[in-house]
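Labels below follow one simple rule: chain letters A, B, ... track the order of the sequence lines, proteins then strands, and each chain is numbered from 1.
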Number of protein chains: 2
Amino acid sequence: MKTQDLTRNQSLVFSALNDAKTPLTAYAILDELRGEGFRAPLQVYRALEKLVERGLVHRLESVNSFIACAHEGASCCKHGLTGFAICTACGNTMEFHHHGVEHQLEALLGEKGFKPEKTVVEIRGLCANCA
Amino acid sequence: MKTQDLTRNQSLVFSALNDAKTPLTAYAILDELRGEGFRAPLQVYRALEKLVERGLVHRLESVNSFIACAHEGASCCKHGLTGFAICTACGNTMEFHHHGVEHQLEALLGEKGFKPEKTVVEIRGLCANCA
DNA sequence: ACAACAAACGTAATAACATTACATAGAGGT
DNA sequence: ACCTCTATGTAATGTTATTACGTTTGTTGT
């Protein structure tokens, strides 16, 4: 479950995301890794799929991008709903966790009989530096 | 600001979404409207852009789709944060509004100096019928 | 060591979603 | 009539993601 048992491709993709610390699209990752021998989108998407499964990487649905989890290891998903504040000016993205929001959404959806599987909370705006 | 001053293309797209009452992709709308003379994606995207501006249609970012606003008219965006619960089995999508969640997110982001512009809350899962 | 199986990989092609560029048409104001 | 702004039509292209197919690698049981 640790980063050491990643395959070569997975490690390369994960490193690219960690180095960036701003969200990257799959194709941006592909371009970064051409020097390492990457040649096709699928190499990136396959690695991303595994990394997301492990909780090492998050997908930002509203910007078609990926970002390394702000928490080392895969413990991330246990501290409440995960949300992101994405600066549209500089790309800087803040991951946050919020139990209150999680509980309120659960309560609301529970009433309606809706069973959540994946919750997306993404706020686009301007970060403190760019505002 | 009412639906009557929509152009022909905008009306057709809006009707398609209202009839569906499940989210539609831009290309699905295009296919529905070929009988009305639509020939290119841009005709749909241009209409959608205006409809979203007016608050008559929402874009669901996590599924690349669009849905008619559940509230007639454009008053929708005044009653708190807008969220969606999207059933991955039947496509049925419930629009909801939640002041509590809105305030908690505002508080959290305010602390960090982040200025929200667009907030995405989309929960995918199973609706009461499909669970 | 070897067969059998599963997971990961390489490559090509294609599908799905969205935008740019450029030319044309219609409505409203002067 | 002329200008301007908005909407439109059409084509081409750009961006994001998946399917299909075959090969390689790694693991397990014998």
Side-chain angles (χ1 to χ4, degrees), chain A residues 1-17 20 22-54 56-67 86 88 91 118 120 122 124, chain B residues 1-17 20 22-54 56-67 86 88 91 118 120 122 124:
Chain A
M1 196 62 153
K2 278 258 141 277
T3 70
Q4 51 222 23
D5 58 21
L6 295 176
T7 66
R8 168 176 160 87
N9 285 2
Q10 288 162 18
S11 288
L12 288 166
V13 169
F14 187 54
S15 296
L17 286 171
T22 186
L24 295 179
T25 67
Y27 280 77
I29 296 168
L30 174 57
D31 286 340
E32 289 223 350
L33 296 180
R34 286 195 192 278
E36 309 290 344
F38 274 48
R39 307 187 134 266
L42 194 48
Q43 294 175 292
V44 176
Y45 281 109
R46 282 203 276 230
L48 286 170
E49 182 183 7
K50 296 300 177 187
L51 293 167
V52 169
E53 267 175 34
R54 289 177 182 227
L56 296 168
V57 165
H58 299 289
R59 175 178 183 144
L60 300 178
E61 316 243 11
S62 70
V63 291
N64 298 315
S65 298
F66 300 83
I67 192 165
I86 306 164
T88 54
K118 161 85 177 166
V120 175
E122 299 177 14
R124 296 200 297 278
Chain B
M1 198 63 154
K2 278 258 140 278
T3 70
Q4 50 221 23
D5 57 23
L6 295 176
T7 67
R8 169 176 159 85
N9 284 3
Q10 289 162 16
S11 288
L12 288 167
V13 169
F14 187 54
S15 296
L17 286 171
T22 185
L24 295 179
T25 66
Y27 280 77
I29 295 169
L30 174 57
D31 286 340
E32 289 223 351
L33 296 179
R34 286 195 192 279
E36 308 290 344
F38 274 48
R39 307 188 133 264
L42 193 49
Q43 294 175 292
V44 176
Y45 282 110
R46 283 203 276 228
L48 287 170
E49 182 183 8
K50 297 301 177 186
L51 293 168
V52 169
E53 267 175 34
R54 291 176 181 228
L56 296 169
V57 165
H58 299 289
R59 175 179 182 142
L60 300 178
E61 316 243 10
S62 70
V63 290
N64 298 317
S65 298
F66 300 84
I67 191 165
I86 305 163
T88 54
K118 161 86 177 164
V120 175
E122 298 177 14
R124 296 201 296 278

### Task
Nearest 0.5 Å please: distance from the CD1 atom of B:Ile86 over to the CD1 atom of B:Ile67.
8.0 Å
## Note on the structure
Value for CD1 (B:Ile29) from OG (B:Ser15), rounded to nearest 0.5 Å, stands at 11.0 Å
### Message
Return a single string for nucleotides 7-16 of chain C, one symbol per nucleotide in 5' to 3' order, where B is base contact, S is sugar-phosphate-only contact and - is none, cutoff 4.0 angstrom on heavy atoms.
### Response
-SBBBB----
Does the side chain of [X] reach to within under 4.5 Å of the side chain of [Y], using non-hydrogen atoms?
X       : Y       : value
A:Phe66 : A:Leu60 : no
A:Asp5  : A:Arg54 : yes
B:Leu48 : B:Leu17 : yes
B:Gln10 : B:Val13 : no

### Residue pairs involving residues 32-46 of chain B (criterion side chain to side chain donor-acceptor pair (under 3.5 Å); sequence neighbours excluded)
B:Asp31-B:Arg34
### Set of side chain to side chain contact (heavy atoms under 4.5 Å, CB included) partners for B:Thr25, sequence neighbours left out
B:Tyr27, B:Ala28, B:Ser65
### Task
Mind calculating the distance between CD (A:Glu61) and P (C:dC17) to the nearest angstrom?
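Between P of C:dC17 and CD of A:Glu61: 14 Å.
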### Query
Just by distance, do the side chain of A:Ser62 and the backbone of A:Glu122 share a donor-acceptor pair under 3.5 Å?
no
#### Entry: Test salt bridge (Lys or Arg N to Asp or Glu O under 4.0 Å) applied to B:Arg124 - qualifying residues, sequence neighbours left out
A:Glu61
## Note on the structure
Contact span of DNA chain D against chain A, any nucleotide atom under 4.0 Å from a heavy atom, 5' to 3', runs D:dT16 to D:dA20
### Message
Let's test your reading of the pairing rules: Watson-Crick or G-U wobble, both distances under 3.5 Å, then write DNA chain D as a dot-bracket string with ( ), [ ], | and dots.
### Response
||||||||||||||||||||||||||||||
